[in-house]
Novice: 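There's a structure below that I have some questions on.
Values reported hereafter were calculated over all heavy atoms of this structure, with side chains retained and with hydrogens, waters and symmetry mates removed. Below, chains carry the letters A, B, ... as their sequence lines are ordered, and counting in each starts from 1.
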2 protein chains.
Amino acid sequence: MSTRMGKPPSESASLADRIRNTIQTFTPTEKRAARLLLSHYPFAGLGTVAAFAARAGISAPSVLRFVTRLGFSGFPDFQKHLHGELEAQLLSPLAKARPAERTDTAAALSSFAKAIATNLRSTAEAIAPAEFEAVATLLSEPARHLHFTGGRFTAAFARYAESHFRILRPHVDVLDGQPALWRDRMIEIGRRDVVVAYDIRRYQEDVIALCETASRQGATVILITDPWLSPIARVARHVLPAHVSAPSNWDSAAGLLLLTEALIATVTKRLWASAKPRMEAIERLRDEV
Amino acid sequence: MSTRMGKPPSESASLADRIRNTIQTFTPTEKRAARLLLSHYPFAGLGTVAAFAARAGISAPSVLRFVTRLGFSGFPDFQKHLHGELEAQLLSPLAKARPAERTDTAAALSSFAKAIATNLRSTAEAIAPAEFEAVATLLSEPARHLHFTGGRFTAAFARYAESHFRILRPHVDVLDGQPALWRDRMIEIGRRDVVVAYDIRRYQEDVIALCETASRQGATVILITDPWLSPIARVARHVLPAHVSAPSNWDSAAGLLLLTEALIATVTKRLWASAKPRMEAIERLRDEV
DNA sequence: CTTATTCTGTAATTTTTGATACAGTATTTC
DNA sequence: GAAATACTGTATCAAAAATTACAGAATAAG
């Protein structure tokens, strides 16, 4: 066993910092390993032990001793840590190097806004254009019947979508409230129907069951979910995942709203010729009542 | 052998872009793999085949078929490519500038995301910290009764807020559906009650009437609205305006959602001592049913 | 200068990982 | 509705990787 113990890798400071601070205690070959890693941090550590050894001009066992010295249980453990750092750094360029400022409520609001804005950007980037396009097309076909549904928290977005699409086009409803009531309507759902389901963790059994039934009866299922994908993805024709992370105990649904509003906007534009007179007629009716 | 060949991985466009453009030609399981990779790009691909497969909910061979379809000779080859992209991207922060989207709809989605992100930022900046603070405090008092309500489009956010606050604390409900049904409940609303109203253009008569009545009976009214302020502002104790502009015929409600979620997060933190056991109890009840 | 100790690479070993053959299932096509 | 085709998971195999044992080299101490 080594005479010097490595510190546990769970230290708060970045691994690179820790290496820089302790590099003088390393043996000559370990220093070579450390310099390689620091000069190409952290990419040099992403490959195999053999590749790292060759690049540093040392032997494979020396690399192993190096990572052990750093406090890792083995090379895979070491790599796992690098992956984690990399992901944290690249995904939240803002949240990273910020040593817990005062948790003022005003600061909370603005950091919330920042985090959600980041979500929106990554949500938009992760969506396949063809997928979004296909969904927009489905929702633009007046002959199809649209049914929106969601779980405990996401039912609100089904409602939100419905309240807009209802104005744009005919044959729009929401499957909401008592799941028992859905059953009755399910009988009418078939090939021409489109079910748009919102479902994020924890995925809800009754929504899943509804979509499976709908799919079995030939309906087209569209799923709007989180990046971990609801089980509904199995039966869904199209899936639109949205990022949901937020500085809170709860997930943020802003990504779901983004996709919903973007779909509404796209369909509005596409159906404008028929939607405009329809909207005007609805306005007149509202004013009369 | 597969009937469709993957393109060589040396294409100039990023791998993510290529996947987004060709995802429609994938098999269902390949789509699952693609969605995982896109939603956690490229980190999901940095581990082992088995880890990727488990995370995507598919089998290891399917992952191998996926990378083969993408044109790589094997999983290590695929990872090598990801490492390369990652290094290039992180080393040149400038190169991160988006490579000009192709299709119209993709552009629509990303410009939508940008516009909404801007909304969020300006919404957060325009909120008076003391106002937000005061609202959070009101919603954190367990003795008060909370009622959420909204108009045609905004009722969804009242529902969304209610579904969360209901879990955090007692005495939470939503005034929804038939306005006639509100009347019956109005009789019980008094000094200890808090009415949170969502209202944006075009401001809705029945919601306005509800808030005026509530105010007259001594309730505290909180208004979440657009920058032009609903008439409810006259009777509201606190007003939180949100920016709503969007590249669409419709307004965007993302600002409303931001305020809602930020309030939920703040109240959750503040009530954590009592909310945690409450949430656990609710979880247990759910599991039993 | 000799001896003890630490350091480092070669080579063997074991574990893990990626890859493949094949059979069952679902799906599509006629 | 039946046959053909495509799709996907289980079980198995082969390959590569990480790890360890050990001996030689370098360094430091006496």
Novice: Is there a side-chain polar atom (N or O) of B:Thr29 under 4.0 Å from OP1 or OP2 of D:dG9?
Specialist: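 For D:dG9, neither OP1 nor OP2 has a side-chain N or O of B:Thr29 closer than 4.0 Å.
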Novice: For a quick test of reading the model, state the closest non-hydrogen atom pair linking A:Glu30 to A:Arg65 and the distance between them.
Specialist: OE2-O, 4.1 Å
Novice: Rounding to an integer number of Å, can you tell me how far B:Glu30 CD sits from D:dA6 P?
Specialist: 14 Å
Novice: Parallel, tilted or perpendicular: which one describes the rings of B:Phe66 and B:Phe52, with boundaries at 30° and 60°?
Specialist: parallel
Novice: Specify the separation, in whole Å, of atom CZ of A:Arg69 and atom C1' of C:dT6.
Specialist: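 About 11 Å, once rounded to whole Å.
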Novice: Compare every heavy atom of A:Leu256 with every heavy atom of A:Thr154, then report the nearest pair and how far apart it is.
Specialist: CG2-CD1, 3.8 Å
Novice: Within this structure, what is the CZ-to-P distance between B:Phe26 and D:dA6, rounded to whole angstrom?
Specialist: 18 Å
Novice: Let me know the distance between CZ of A:Phe72 and C1' of D:dA18, rounded to the nearest Å.
Specialist: 16 Å
Novice: When you measure from every atom of DNA chain C, which of residues 44-58 of chain B have a heavy atom less than 4.0 Å away?
Specialist: B:Thr48, B:Val49, B:Ala50
Novice: If you draw a 6.0 Å radius around CD1 in A:Ile187, do more than 12 non-hydrogen atoms from other residues or ligands fall strictly inside?
Specialist: no
Novice: Mind listing the closest non-hydrogen atom pair of A:Pro241 and A:Ile127 along with its distance?
Specialist: O-CD1, 3.5 Å
Novice: Of the candidate nucleotides C:dT10, D:dG9, D:dT8, which contains the atom at the shortest distance from the side chain of B:Pro28?
Specialist: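 Selected nucleotide: D:dT8.
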Novice: For the residue pair A:Val172 and A:Phe148, what are the closest heavy atoms and their distance?
Specialist: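 Of all heavy-atom pairs spanning A:Val172 and A:Phe148, the closest is CG1-CE1, 3.9 Å.
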Novice: D:dT8, C:dT20, C:dT10: which one has an atom nearest the side-chain heavy atoms of B:Pro61?
Specialist: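 Among D:dT8, C:dT20, C:dT10, the one nearest the side chain of B:Pro61 is C:dT20.
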Novice: Using the six-membered ring wherever Trp is involved, compare the ring planes of A:Trp250 and A:Phe153 and label them parallel, tilted or perpendicular (cut-offs 30° and 60°).
Specialist: perpendicular
Novice: At under 4.0 Å between heavy atoms, which parts of nucleotides 22-30 of chain C does protein reach? Answer with one letter per nucleotide, 5' to 3': B base, S sugar-phosphate only, - none.
Specialist: ---------
Novice: Rounded to whole angstrom units, what separation is found between the CD atom of B:Gln79 and the C1' atom of C:dG18?
Specialist: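 Roughly 10 Å, once rounded to whole Å.
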Novice: May I ask you to check whether B:His81 and B:Phe72 place their ring centers less than 6.0 Å from one another?
Specialist: yes
Novice: Roughly, in whole Å, what's the span from CZ in A:Phe75 to P in C:dT15?
Specialist: 20 Å
Novice: When you get a sec, tell me which of C:dG9, C:dC7, C:dG18 is the closest nucleotide to the side chain of B:Pro76?
Specialist: C:dG18
Novice: Rounded to the nearest angstrom, tell me the gap between atom CG in A:Leu64 and atom P in D:dT20.
Specialist: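 After rounding, the reported distance stands at 8 Å.
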Novice: Looking at D:dC7, C:dG9, D:dA18, which one has an atom nearest to any side-chain atom of A:Ser59?
Specialist: C:dG9
Novice: Using atom CZ of B:Phe66 as one end and atom P of D:dT8 as the other, report the distance to the nearest whole Å.
Specialist: 13 Å
Novice: Between A:Ser73 and B:Ala60, just flag the one whose closest nucleotide in DNA chain D comes earlier from the 5' side.
Specialist: B:Ala60
Novice: Are there more than 12 heavy atoms of other residues, nucleotides or ligands under 6.0 Å from atom CZ of A:Arg237?
Specialist: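 Not buried by this count: 12 neighbours or fewer within 6.0 Å.
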Novice: For A:Thr25 and A:Thr22, which I'm curious about, is there any donor-acceptor pair between the side chains at under 3.5 Å?
Specialist: no
Novice: Between D:dT19, D:dT8, C:dC7, which nucleotide gets closest to the side-chain atoms of B:Ser62?
Specialist: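 Among D:dT19, D:dT8, C:dC7, the one nearest the side chain of B:Ser62 is D:dT8.
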